[in-house]
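Okay, so here's the structure we're looking at.
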Amino acid sequence: QVQLVESGGGLVQAGASLRLSCAASGRTFSTYTMAWFRQAPGKEREFVAAISRSGGSTLYADSLKGRFIISRDNAKNTVYLQMNSLKPEDMAVYYCAAKRDYGFSLSRVRYDYWGQGTQVTVSS
């Protein structure tokens with residue numbers, strides 16, 4: 001089992017950058033595919049990005065490609081989400097998720113563990 005704790009959210013102006021972190025407990029972090037999802041008020045939780053166990057492969061939501069970058073440091077048991085050129089529509093609670101099975105998935109039901117989320121607010 002793994003526990004996930006997100007941090008780095010906050011209030012920023014449109015156009016700014018923010019980096020989210022997700023720290024994982026346990027010694028098996030490198031065996032999990034990791035992902036970020038987000039949920040805006042009144043909307044479904046949506047896929048943002050995922051990264052393979054080694055960090056060598058990544059997958060992004062089409063609408064976010066080029067602005068967001070996912071990375072991981074297995075030595076620190078941490079996954080990151082660098083968010084650039086933030087827009088008001090990026091405002092949401094951002095969740096970190098871990099998946100035991102090999103391979104990527106855009107579906108939240110395929111992920112086994114979740115963090116509590118961190119709020120990102122973008123003012124126009």
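Counting begins at 1 with the first residue of the sequence.
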Next on the checklist: Do Gln3 and Val5 make a side-chain contact, defined as non-hydrogen atoms from C-beta onward lying under 4.5 Å apart?
Outcome noted: no
Item to check | Other cluster members, Tyr60 - Ile/Leu/Val/Met/Phe/Trp/Tyr, side-chain contacts below 4.5 Å | outcome: Val2, Leu4, Val12, Leu18, Leu20, Phe29, Tyr32, Met34, Trp36, Val48, Ile51, Leu64, Phe68, Ile69, Ile70, Val79, Leu81, Met83, Leu86, Tyr94, Tyr113, Val120, Val122
Item to check | Joint hydrophobic cluster, Met91 plus Leu11, side-chain heavy atoms closer than 4.5 Å | outcome: no
Quick one: closest heavy-atom pair of [X] and [Y], and the distance?
X: Ala35; Y: Phe47; value: CB-CE1, 4.5 Å
X: Ala92; Y: Ala40; value: CB-N, 3.8 Å
X: Tyr111; Y: Ser105; value: OH-O, 2.7 Å
X: Ser85; Y: Ser17; value: N-OG, 4.2 Å
X: Gly115; Y: Glu6; value: CA-OE2, 3.2 Å

Next on the checklist: If you apply the rule side-chain contact (heavy atoms from CB on, under 4.5 Å), what do you find for Cys96 with Trp114, and how did you get there?
Outcome noted: CA-CA 6 Å; Cys96 173; Trp114 292 84; over 6 Å; no
Straight-line distance of [X] [atom1] to [Y] [atom2], nearest 0.5 Å:
X: Gln82; Y: Arg67; atom1: CD; atom2: CZ; value: 12.0 Å
X: Gln13; Y: Ser123; atom1: CD; atom2: OG; value: 5.0 Å
X: Ser52; Y: Arg72; atom1: OG; atom2: CZ; value: 7.0 Å

Examine distances only and state if a side-chain atom of [X] and a backbone atom of [Y] form a donor-acceptor pair shorter than 3.5 Å.
X: Asn74; Y: Arg53; result: yes
X: Thr118; Y: Gly9; result: yes
X: Asp112; Y: Lys99; result: no
X: Gln39; Y: Val93; result: no

Checklist entry - Is there a side-chain contact (heavy atoms from CB on, under 4.5 Å) between Arg108 and Tyr95 once you walk through the steps? => result CA-CA 11 Å; Arg108 59 177 292 188; Tyr95 296 91; over 6 Å; no
Item to check | side-chain contact (heavy atoms from CB on, under 4.5 Å) between Phe104 and Ser57, intermediate numbers included | outcome: CA-CA 9 Å; Phe104 294 136; Ser57 297; 3.9 Å; yes
Checklist entry - Is the NZ or CZ atom of Arg19 both under 6.0 Å from the centre of the six-membered ring of Tyr80 and within 45° of that ring's axis? => result yes
Checklist entry - Given the rule in the side-chain hydrogen bond (donor to acceptor under 3.5 Å, both in side chains) test, do Asp73 and Thr78 qualify, once you have shown the distances and angles that lead to the verdict? => result CA-CA 5 Å; Asp73 186 336; Thr78 302; over 6 Å; no
Item to check | Pairwise salt bridge (Lys or Arg N to Asp or Glu O under 4.0 Å) hits with a residue in residues 29-42, at least two apart | outcome: Arg38-Glu46, Arg38-Asp90
